[in-house]
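Reviewing the structure listed below.
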Amino acid sequence: MKLRTALLGAAASFALAPAAFAERGADGHVNIIYWQAPSILNPYLSSGTKDVESASMILEPLAGFDEKGELFARLAEDVPTLANGGVSEDLTTITWKLKPGLLWSDGSAVTSADVIFSYEYCTHPEGGCSQAARYEGIDKVEAVDDLTVKVTFTAPKPNPYNAFVGSTSPIIQKAQFADCLGAAAQQCTDANFGPIGTGPFRVTEFKPNDVISMEANPNYRDPAKPAFATVTFKGGGDAAAAGRAVLETGEFDYAWNLQLAPDVLAGMAAAGKGTVINAFGTLVERIEMNMTDPSPDLAEGERSTVKHAHPILSDMKVRKALSMAIDRELLVEVGYGSAGRATCNLVPAPEMFASDNTECLTQDVEGAKALLDEAGWTDSDGDGVRDKDGKKLALLYQTSTNAVRQDFQALIKQWWSEIGVETELKNVDASVFFGGDPGSPDTFQKFYADVEMYANNFDGTDPEPYLSQYLCDKIPGPDNGWQGENINRYCNPEYDALVAELAKTGEIEKRAEIAKKLNDMLTKDSYTIVALVDRGRNSAHSNTLGGVVLNTWDSELWNTSDWFRVK
Amino acid sequence: MLDAAPQTGRRKLVEVAGLKMYFPITAGIFRTKVGDVKAVDNVSFDIYEGETLGLVGESGCGKSTCGRVILRLYDPTAGSIRIDGREIAASAQSDLRTMRPTMQMVFQDPQASLNPRMTVAAIIGEPLEEHTNLSKAEKLARIYELMDQVGLNRNFANRYPHEFSGGQRQRIGIARALALNPKFIVCDEPIAALDVSIQAQVVNLLEELQDRLGLTYLFISHDLSMVRHIADRVAVMYLGQIAELAPRDDLYATPLHPYTQALLSAVPEPDPDVETERGRIILTGDVPSPANPPEGCNFCTRCPKVMEICKTVEPAFREVAPGRFTACHLYDDTKTTAGVTAAYEASKSIQQGV
Amino acid sequence: MTDLAAQKVDQALKPPRNQWWDVWDQFKTHKGALVGLFILAAILLAVTIGPWIWSIDPTYVDIRARNQGPSGAHPFGTDQLGRDLLARLMAGGKVSIAVGLTAMLLSLFLGTLIGVVAGFFKRAEGLLMGLTDLFLSLPLLPLLLLMVTLFREPLSQRFGPETGIFFLIVFAIGVTSWMQTARIVRGEVLALKEREYVLAARSIGTPSRRMVLRHILPNVMSPIMVSATLGIANAIITESALSFLGLGFPPDFPTWGRILFDAVDQMQLYPIRVILPGVAISLTVLSVNYIGDGLRDALDPRIRGR
Amino acid sequence: MPDGAMPVLDVKGLKTVFRTRGGEVHAVNSVSFDLKPGELLGVVGESGSGKSVTMMSLIGLLPSPPADVRDGQVLFGGEDLLKCSQEHLREVRGADIGFIFQDPMTSLNPVFTVGFQIMEPLRKHMGMDKPTARKRARELLELVGIPDAARRLNDYPHQFSGGMRQRVMIAIALACDPKVLIADEPTTALDVTIQAQILELVRDLRQKLGMAIVWITHDLGVIAGIADRVIVMYGGQIVEQAPAKELFHNPRHPYTRALLKTIPSVRGQRAEKLNVIEGQPPILTEAPTACAFRRRCPHAFERCERENPLRRPVGPGHDAACFWNPETGAAHA
Amino acid sequence: MLTYTLRRLLIAIPTLLFISLVIFMILELAPGDPLADQPLTVPPEVREKMRAALGLDQPAWVRYLLWLKQFFWTEPLHTLDGWFGTSFSEGGQRIVSWQFRSPAMDVIWQRMPQTLWVVGLAYLVGVIIAIPIGIISAYRQYSWFDQIGTFVSMIGFSVPTFFTGVVLIIVFAVKLQWFPSIYDTTLKVTDAASFWKQVKQMIMPVTVLALFNASQISRFMRASMLDNLGQDYVRTARAKGMSEKVVVLKHVLRNSLIPVVTVIALGIPTIFGGAIITEQVFKVNGLGQLLITAIYANDLPMVQTLTFIFAALTVLFNLIADILYGVLDPRIRYD
C-alpha cells in the first residue's frame, strides 16, 4: 500500500490540479482511441498490444510495473521478495498473498482458486495460450489458503516475476472460464469478449475491431474510483487520425502510440487541445550483422549457417566502420522525433541495466574510411566502391516493409556509399519477414542477407531471457527449423559462460553488472549488433484529462483508475 | 439472255433434295429442346446450268436461309445439296473450301456486306487471296478487270465502302462474287435495299454478266415484278416450304397455288386504271410462326380455298404439269398435264369473284 | 453523310481517306476530349522526357534540405528525406502510367481474346461466358487486395521487389478488370458474325482464324478503344488505391498513390505533398476519361453520321 | 372530290435545311402544294428526295438542331403553323393532323400497352375520362380491324404482328378524328399481302371517315391504286404534280417518265430489258441554282445547268418543273 | 419467368460452390501467417500450439469441407435457432474468426448496420441525384447544364475517394470543426440531438460516396436517355401532340430507366461489400473495414466467409437484375 500511495502522489504531481476523488463516476465519460482496434479482450488468446492494453482496464495481474519499471502490487498485498520472505532462499518458490476482500465485478470473491485457474487455463496444451511463455519453468501452483498461492519452479528462478505479473498475465475468473479450458477456449465468445475482472472498469458492449463500451466497476476495491463512469474505447484507423482526434478536434481524450513524424506531431500539438507525452522502454531498432555467409551460391541448408563465415562481415573492423558511418541523431530526427533517442545499447533500460556506451553516437565518416582502409578494403578500380581481392564491398540490406524503415534504409545506404560500401536494399512484407514460416526464404530468422534491420524488446524489466537469445545453441538453422533466436549467429563461449552466471545470480546489482557486460560484448566489443534508436512511445491526451502517466513497462492504461477530468 | 423455258436436256448444276434447316428451341429449367423453328422444311428443286431460278416469298418464309444453306453457310439439318455434281450437304468445311470458287453469293445489304475497314481492292481481292497464288501485280490486274466488268472506276480501288453509294457498293459485292469465276451465284435480295432507279441498274448488270459469263443464279427476292423480269423459273416459298415452282411465264400467267395467286394479286400495279378495276385476293390474318406451323397444309389458316383435307393432310410437292410443281390438295386428282387448264380456270374465277 | 462522300468521288480522284480521319474529325469537335488529350500528352511528356530535363535523382537523399517548400532548387519542394518532389512525381507518374497502360493492355488482351473466342466459336461460348460471369461475381477489390497481399513476396523474390510488384499489380488489375471488355466484345462479335460481310467471307471460304483477324477484330476496335481508355483510368485509380491502402508498391518506390499515401500524415503541414500527387492522379484519370468520352462519341456511327 | 373547295392544308415555299459538318444540306426547297378536304394526295420520290422531311417540317416534328425550317408558310385552318406557338402546334398535331410512320415496330412505345397509347391523345385532346377513352379506344381498334379488340387493348406492341401494329398506329392517328392524316411510307416495311390488307383498310376508312390523306411512298404501284392526286419529288423539290390518272398516263417531267419506265410489272407485257436512269441521285449541299435532275436527264441542255426550272402548268391540274416539252421534244418557250 | 428463375438459381449453386473453392484456394496459397503480428517475444513453441488451436494443422481439404459444412449447415441452423429458440445447431461448430475467436457471422451482423447506413444511404442519395441530372443532361445535350454535369460527374469518378475524403476531413473536421472526423458506431439515435449527431457524422462519408455513385449512375442515365430520345416512338408521342413533359418524363424515362434500374440493382452488392477505402478514411468500422483488417491479420475464416457472402450477393443481384429487366420490359419474358 505504501508504494501505491507514493504512486498516487506521483500521479498527482504529474497532473495539473488533482480534483478530489470525491465519488466514483463523478467525471462522466472518457474517450480513448487506439488506431489498432482490439479484437478480443482475453489477453491469453491474443498478445497483440491493443488487446492486452484494452483488457488491462478490466483484468488485473497480481502485480504490475510502474512507469519506472518497478514492481508494485495490484491484487497482491505485497510484492514477494527475498527480503520479505515471499521468495524462497533457493529461488524455487514464490508465494503470493491476495488482498483481502477483493471482489470480481459480478460481486463474487476473488480467491486463490482463480489464480490457480489462470495458470491452468494458460498452460493447457490445447488452449493455444499466447502467454504460455510467462508460465514457463513452473512446476506447480497450489493454494495455501483461500488468499495465498504458492508457485514452485522446476529450477531456481532469480527473476520469479513472470507469472501473474504485468498485464499480459492477469487473473481471470474461474467461474466464468471454467468451461473454456483447452480447445473450448476458442468457443467462449461471451467470456473472451466480456471477461469479468477486478479492474476499474467492466465491459458493457464489445464490438470486435471497432469499439468497446465500458462502465465503472461497481465492485472496484477503491470505492472512490474510477472517476469516470463510462469509457468508449474506439479502435481502428491510423495514427494520424488518432492524433488528430485528440490533439486537434478534441473528439477523444487519449490516443495511443502516435507513430508520426516529429514535425507532424508537433503541428498537431500546436492546435492546443492536447498534450503529447512520451516515455522510453527497451525497444531498440537495430542492424544485425550476419556472421555467416548468406551467399545464394551455397547449397540450401548451408546458406547463412555456421558452416561458412561471412566473407566481409566476419571482420570486426568492417562492422565497426559501418556503425561509425551512421548518424543516429539524424535517424531519430527523421523517424521518431521525441519518441526516439540515439543509442548504442541493446539493453537501453531500465537504468540500472543500461551500459554507458555512447561512443557510437557521433558519426565519424573519416574514421570509418580509415578503418576500412586498415582492413584492406580499398577502392582499387575507382568506381567508388571499395574492394579487396577482387571482391566488392557490397551488402544486401533487408528489413520489413514500413515507411520509417525504408527511410532509414535510404539514409544508411547513402552514408555507406560515402565510405565506399555499395548497398542493395530489400524490404519484405512484415507478415512474411516476422512470420517464421520455415519454408519462406525471407524470414528474419533465415537471414538470407548481409545485414537486416528490425526492432525488438523484452517483457518486463529483466533482460536475462533477452540476452540469453545470443547463446551459441540458439543459432537458427535447418536442424532446429530455423526457429533459434540468435539471429546474427553470434557465438562466443565467453558470452555463454557469462549468461550461465547470470542465471545463477539473484542479487539485483550483480545481475545488472553482468547484463551490462553482456550488452557490451554484443555491441561495442563486437559490433554484431549495431543499435540505432531506442524507440520510445508517444501518446497523447487531451488537456482536460488528468492523471495520465505513460508507462512503457506495462499497459499504457495501467492507471486508468486514477484518471480524472480536469475542470 | 436465256429467257427460253429450260430444255430437259440441260445439265442440272444445282440439285437440292429434301433440304431441311431447323433451329432448335430450348426451354425449361434444363434447357431441353422443345421444338424447332422450321426455317426450311423439306425443300427440293434443281437449277439448270445458265438459268436463273427466282425464289420469292414474304419475309420470314425461309428463302434467305435456304440460299445460305445451299452455300453451306449453315449446316443443314437434313437433305442433300449437289452442286456441279458434288454432294456438299455433309462435307466438312475444310473440304468445302475447294468448292467455294464455284459457288458465290451476292448479299442484300450493300452496306453490311462490305467490311468497312477494308478498301475496295482488298474486298474484291480477298477471294483471290484465299484461293489463288497470284502475284501482287496479277492480283491487282484481276481486281481492275473485275472493277471494269461491274462498271466501277478503277481509280476508286483504294477507297473504303462508306465512300460509295448503295448501287456502287452492290457492284463491289458483285465484283467480289465474280472474282473466282464462279458457276453459280446466290443473289440474296440484291436489290431490296436500293432505290427504284438504282435497282434497274443492278438487275441489268446481273443479266449482262450472266450472258457474258454463263452464270447460273439463284435469285432470292420478295419483289415479284423484278423476279418476273430476271428469272427463268420461279419458286414461291411459304413458311419454309415451296408452294409452287414453275417456268416464269406460266407462273405469272396461271398461278396454281392459292398462295401464289394471292401473292400476285397483292402486288400493286403502277397504273391507276388497272388498279381500280382489277380484283384482289386479300388474305386474312398473318403468317403463322415457323416454330409452330399449322397441321396439314402450311397455308390452310389463310387459304381462301381451304378444304377439310388441308387441315389434316400435308399436300405433296409434285409435278402437276410438265415443269410445273405445286403442293396443294386442289390438284390432288389432276394427273399431270390434264386438268391444269381447268385449275387455271378455277383460279381465275376466284380471282374475279373477290 | 455517305452519299456526300460518293458525290465527291464523282468529282475528283482524291487519295484514299482512312476512316480514322473521320473519327478524328468528330473527336476534334468534342472540346473536353481535346483538352483531355492535350493534358494527357503534357503529362506523358512530363513523365517521359521530364526526367531528362529535370535530372535530379528521385531517390537522392539530401537530408539537409528536407521538408522544404517550393524553391528554385526544388520547384515542388522536398520530402521528409530531402528528396526532390518534382523528380519523385515524375518518376512516380512514370510508374503509375506504366501500370495503367500495361494493366489496361493485359485486361484488353484477355477481354478481347475471351470476348472474340466466346462470340465467334459457339462451342467455347458457354464455358467462357460462364468464366466471365464467375469473375464478375467475385468481389474484386477484396480479391485484388488478397492477391497483392498474398503474392507480393513470391513475385518480388523472383523478379526483384520493384519489377515483381509491378508484375503483380499489373497482373492483379488486369485479371480483375477484363470482364466488361469481354462482354462488350462478345456482344459486338455476335452482332458482327451476323453481318453479311462475315457471311460473305465465309462464302469465300476464309478460315476462322483469318476471319477473326481480318473481319472481326478490326471492326471491334471501337468498343475496344473505348474500353481501353476506361481501362487506363481504372487501372491508375486502382493502383493508387492499393498504394493508399499500403498494399501497392514498396515505400521506397515512388508512385503517385504511394507519394500521396506517405504524405497524408503530413498533409496539414505540407499540403502540397498531398495535393500534387492527388491532382496528378485526378488530372490524368480525368483527361483519360474525357478522351474516352470523346472517342465513344467519335466512334459511334450514329453520331458520326450527323 | 370537291375540286374548288378551300384546301385544308396549304403549303407555300417551304424550305428546310440540315446543318451538318459537311455544310448545309438543302433537304426541302421551295415546296408548295395544297391538300383539299377528303383528298388523298400521294407523294412519290426516292430516298433523300425530301418527301418525309417536307411533311415533318409542316408540324415541327424535325429535331432542331440539325434541322432548320427556313422559310415558307403552312396554312392550316386559317393560321400559319410555322408561326404559331409550340403549345398550339401540339394541339394541332394530336387532334387535327394524324401521323402514321414507316416502321410500326419502332414507332410504338414498347413499354406501354396499346390501349394506353391510343387513349393518350384521347384524354389529352378530347378531355375524355378513362372509361370513355377506353371505350373509344376499343372502337378504334375494331375500326381498324383488330379482332378481339377489348382484350388486345391490354397487350403490348411486341405482342402484335407487323401488320397489326400498323393498324394500331392508324388507330392512334385517327383517335381524335383528324382533318388530315399524314402517312409516311406506311406499308414499306410490310409484306405485299399485308400491304394489300392495309391498303384495303385505308380505302375503307376513307369512305367511312372522309379525312384528307397525304400518302408518302416510293412505290408508284401503291400510289396508283390509292391516290387522287400525286406529287413527284426529286432532290428536295416538287418536279411534277398531277391528278393520278393524268400522271401515269401522261407524265411530263423526264424524271417521272423515266421512273415509270424502270418499274417492271407482274402483269401485262414483260420488257426484255429494264430501262434505267443512269447516275446517282443528287447531293443537296449546294443551294439549288440549277435543275437537280440535269445530270441524269436525257433531255438536259445548257439552260438546265444555269437555271432551276419553276413549276409551270402543263394541263388541267397538272404542272411540271422542266424546260423540256415532251410533246414537241423541244424546250418550252 | 418462373422456370427461368429456377434455372438461374440451379446454375447459381455450382457457381457459388466453385467460387468458394476458388476463394479458398487463393487464401490457401497465402504465404502469410495469422500469427505474424504476435510480438517476437512469443517463443516458437507457443506459436506452434496457438497454430494448432486455430486448426491450422489440418490438411487444406479438411478445412475446406469443414468450412462448407459450417457455412451451409451449421450457420443456417444457428440462425434458425436464433429466430425460433430451437436448438438444432447444438454441438455444431460455427465458423470462428481467428482474430476474434468468435463466430465470424456474429461480427458480420454487428457490422452490417453502419455499413448499410453509410454506404447504403450514399448509394440512395447518389441514385436520387443522378437520375434527374442524367435526364436533364440528355434532354439538353451539349447545353451548359450538360457540360457542367458531365464535368462534375467526370470529376466524381476521376478523383479518387481517398483523396476527396482526406481533403474533406482536413477542411470540415479539422479546420472548420463542423463534423467529427471519426465515426461513432455506438451512437444510438434516440432523440433529436442524437439524430443530429448521427447526421453530422454521416455527412462527409455519404457525400464522398454519393458523389462517386451519382457520377456513374448519371452518366449511365444520360446515355440511356440519349439512346431513347432518338427512337421512333418519341416522334410518335410528339406527333400525338403530347407535351414535352409527357414525352420525356413518361415515354422516354420509362424506357431509359429499364437498363438503369438493372445497373442500380447490380450495384447493390457493392453496398454490402462496403466502400473499403471510404470506411478506412472515415473510420466507419463497417464490413469493408472488417474485410481489410481480416486480410491484414490473415484471418482466413473471416476473409473466406466475407468474400463468399459478397460473391453470393453478387450472384443473387445479378439474377435480380435480370428478372427486373424482364419485369420492367414487357418485350423480355424469360421462358
Side-chain angles (χ1 to χ4, degrees), chain B residues 1 3 56-61 164-168 193-205 207-208 222-230 238 248-249 251-253 259 262-276 278 280-287 289 302, chain D residues 44-49 145 147 160-164 187 189-197 199-201 218-227 230 243-249 255 258-268 270-281 283 296:
Chain B
M1 194 85 47
D3 278 348
V56 295
E58 294 176 280
S59 51
C61 71
F164 293 85
S165 68
Q168 287 172 316
L194 304 176
D195 265 324
V196 200
S197 68
I198 309 298
Q199 283 184 356
Q201 296 176 359
V202 171
V203 167
N204 280 352
L205 173 66
E207 290 195 316
E208 234 174 80
H222 66 269
D223 187 334
L224 287 149
S225 44
M226 272 304 175
V227 168
R228 182 182 182 214
H229 183 82
I230 196 171
Y238 182 77
R248 173 232 307 146
D249 292 335
L251 187 110
Y252 282 83
Y259 176 65
L263 201 60
L264 284 173
S265 143
V267 179
E269 188 72 7
D271 184 343
D273 298 338
V274 180
E275 275 298 291
T276 40
R278 76 184 174 96
R280 298 182 185 87
I281 306 171
I282 305 289
L283 292 176
T284 52
D286 293 311
V287 185
S289 155
R302 301 171 81 199
Chain D
V44 196
E46 292 175 85
S47 50
S49 62
F160 289 75
S161 68
M164 288 292 156
T187 58
L190 305 176
D191 279 317
V192 263
T193 58
I194 307 297
Q195 169 174 291
Q197 291 175 359
L199 290 174
E200 200 61 26
L201 172 71
H218 65 267
D219 189 335
L220 284 164
V222 170
I223 282 294
I226 198 167
V230 181
K245 281 194 183 177
E246 169 80 6
L247 186 95
F248 283 94
H249 293 152
Y255 173 64
L259 201 59
L260 280 169
K261 268 189 230 151
T262 57
I263 305 170
S265 160
V266 291
R267 298 174 194 86
R270 179 180 165 274
E272 270 306 293
K273 189 155 172 97
L274 287 175
N275 285 303
V276 295
I277 309 174
E278 291 300 343
Q280 309 290 331
I283 301 301
R296 304 171 78 185

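At a 4.5 Å heavy-atom cutoff, the contact between D:I263 and chain B is made by side-chain atoms alone. Only the side chain of B:V203 comes within contact range of chain D, judged by heavy atoms closer than 4.5 Å.
Per-residue heavy-atom pair counts under 4.5 Å with chain D were compared for B:D223, B:V274, B:V196, and the maximum is reached by B:V196. Ranked by heavy-atom pairs under 4.5 Å with chain D, the list B:V267, B:L263, B:T284 is led by B:V267. Highest contact tally toward chain D, considering only B:G60, B:S225, B:G167, B:A262, is held by B:S225 [criterion: heavy-atom pairs under 4.5 Å]. Each of D:G279, D:P147, D:G48 has some count of heavy-atom pairs under 4.5 Å with chain B, and the biggest count is that of D:G279. Of all the listed residues (B:D271, B:I198, B:V227, B:V287), the one sharing the greatest number of non-hydrogen pairs under 4.5 Å with chain D is B:D271.
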Worked verdict on B:E269 versus D:V266 for side chain to side chain contact (heavy atoms under 4.5 Å, CB included): CA-CA 8 Å; B:E269 188 72 7; D:V266 291; 4.3 Å; yes

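Atom CD1 in D:I194 sits 4.5 Å away from atom CG in B:D286 (nearest 0.5 Å). For the atom pair OG1 (D:T193) and CD1 (B:I281), the distance works out to 11.5 Å, reported to the nearest 0.5 Å.
In this model, no donor atom of one side chain and acceptor atom of the other lie less than 3.5 Å apart for D:T262 and B:Q199.
A donor-acceptor pair under 3.5 Å links the side-chain atoms of B:R228 to the main chain of D:R267, judged by distance alone. B:D195 contributes no side-chain N or O that, together with a main-chain N or O of D:E46, makes up a donor-acceptor pair within less than 3.5 Å.
Here the shortest heavy-atom pairing between B:Q201 and D:I277 reads NE2-O, 2.6 Å. In terms of heavy atoms, B:E58 sits closest to D:V192 at OE2-N, 4.0 Å. The shortest non-hydrogen separation linking B:G285 to D:Q197 is O-NE2, 3.1 Å. The nearest pair of heavy atoms linking B:A266 to D:A196 is CB-CB, 3.8 Å. Pairing each heavy atom of D:F248 with each of B:P270, the nearest pair is CD2-O, 3.2 Å. Scanning both residues, D:P264 and B:H229, for their nearest heavy atoms gives CB-CB, 4.3 Å.
Contact of the B:D273 side chain with the D:H249 side chain is registered, since non-hydrogen atoms from C-beta on lie closer than 4.5 Å.
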